[in-house]
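Written below as structure tokens is the structure these notes are about.
The figures that follow rest on heavy atoms only: side chains count, while hydrogens, waters and symmetry mates do not. Start at 1 and go down the list; that is how both ligands and their atoms are numbered.
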Amino acid sequence: MRNKLIAANWKLNPTSRLEAVNLIEGIKTEIKKTSKNPRQEVVLCVPAIYLGLAQSALLGSEIKLGAQNSYLEEKGAFTGEISALMLAEFGVQYVVLGHSERRSLFGETDEMVSKKSQIALRNNLIPILCVGESLEQRENNLTDSVIISQITKSLENNKINGKNLVIAYEPVWAIGTGKTCSSEEANRVCGLIRAEVQKLYSEEIANQTLILYGGSVKASTIEEQMQKSDIDGALVGGASLVIEEFAQIILKSAK
Ligand code: 13P
């Protein structure tokens, strides 16, 4: 049986240090109220500038720390970038890579994602590798080929073992739109991803790899999604910025 993972992607939020601390403290308090499921992990992927404060705020908590990006080199003349080596120093355990916003707004390619992921793995960070089709691709029946291509290319030269990588299926048209992918379809695509991991690696690795769904996840949608055989958790954007809502998502997915 695979663990459940609920990861928050704060994106470029919140806009003040105080709000960031309040959010972390609020989530910690809410989680303490619920009975813990030892098979569930919670990760907060915060903006890089809040990593230090988040590391301190999460000391002694079971909530893990994640970043939203890291560069494809460890160090050097790459102004403005952050490396996996540095993230590891701040107690970061997870890093979101290849998010559709990075792909579409910052020109990130599968090849870059593959290199970033290799460097993250070398520094013992667990990449949360994001893949997903656009609305146009879906409407043109390209979903499966897009996903397979993203998985194959983004994982090129990556040594994964079933425990050191998480994959998130995030259909681009469901991100921040309020439109959730039906849980049947999300499960079908997550199953397709698992089958591809099996082809690239092994059945054992595919069975151990956590595959999340992301895209307008809410407390009202999570229960049904989590009952599906190939969905092991969620990558949550907007709803992770609202303490009560995120706490409900954690609670409902722990059942
Ligand atoms: P929303 O939950 O706001 O749709 O964002 C999803 C996402 O992009 C998480 O990485």
note = Looking at His99, Glu101, Lys179, the heavy atom closest to atom 8 (O) of ligand 1 belongs to His99

inquiry  = With no hydrogens and no angle check, just 3.5 Å: does a side-chain donor-acceptor pair link Ser183 and Gln225?
reply    = no

query = So His99 and Glu170, side-chain hydrogen bond (donor to acceptor under 3.5 Å, both in side chains) or not? Walk me through it.
reply = CA-CA 8 Å; His99 190 278; Glu170 296 208 306; 3.0 Å; yes

message = Counting only heavy atoms closer than 4.0 Å, does ligand 1 sit against the backbone of Cys130, its side chain, both, or neither?
response = neither

query = If you measure every N/O of Ala239 against every N/O of ligand 1, is any gap under 3.5 Å?
reply = no

message = Measuring only between side-chain heavy atoms, which start at C-beta, is Gln93 closer than 4.5 Å to Val43?
response = no

inquiry  = Exactly one of Arg103, Lys115, Lys153 should register a side-chain hydrogen bond (donor to acceptor under 3.5 Å, both in side chains) with Asp110. Which one does?
reply    = Arg103

inquiry  = Would you say that Glu101 contacts Ile175 through its side chain, given a criterion of any heavy-atom pair below 4.5 Å between the two side chains?
reply    = yes

query = With a 4.0 Å heavy-atom cut-off (strictly under), which part of Ile175 contacts ligand 1: side chain, backbone, both or neither?
reply = both

request  = May I ask you to list the atoms of ligand 1 that are less than 4.0 angstrom from any heavy atom of Leu235?
outcome  = 9 (C), 10 (O)

Protein residue, atom and distance nearest to atom 5 (O) of ligand 1, heavy-atom basis = Lys11 NZ, 3.3 Å

ask   = Taking atom OG of Ser220 and atom CD of Glu245, what is their separation to the nearest 0.5 Å?
value = 6.5 Å

query = Are side-chain N/O atoms of Asn69 and Lys116 paired as donor and acceptor at under 3.5 Å?
reply = yes

query = Which ligand 1 atoms does Ala174 reach within 4.0 Å, using its non-hydrogen atoms?
reply = 4 (O)

key: Heavy-atom gap Gly214 to ligand 1 smaller than 4.0 Å   = no

ask   = Side chains of Glu133 and Trp173: does their closest heavy-atom pair fall under 4.5 Å?
value = yes

remark   = Ranked by distance from atom 7 (C) of ligand 1, the top protein heavy atom is Glu170 OE2, 3.1 Å

key: Gly237: numbered ligand 1 atoms lying under 4.0 Å from its heavy atoms   = 1 (P), 2 (O), 3 (O), 5 (O), 6 (C), 9 (C)

query = Quick check: does Asn9 get an N/O under 3.5 Å from an N/O on ligand 1?
reply = yes

query = Going by atom types only, do Asn123 and Glu74 share a side-chain donor-acceptor pair under 3.5 Å?
reply = yes

ask   = To the nearest 0.1 Å, how far is atom 3 (O) of ligand 1 from its closest protein heavy atom, and which atom is that?
value = Gly238 N, 2.8 Å

task = With heavy atoms of Ser216 as the reference, note each atom of ligand 1 found under 4.0 Å away.
result = 1 (P), 2 (O), 4 (O)

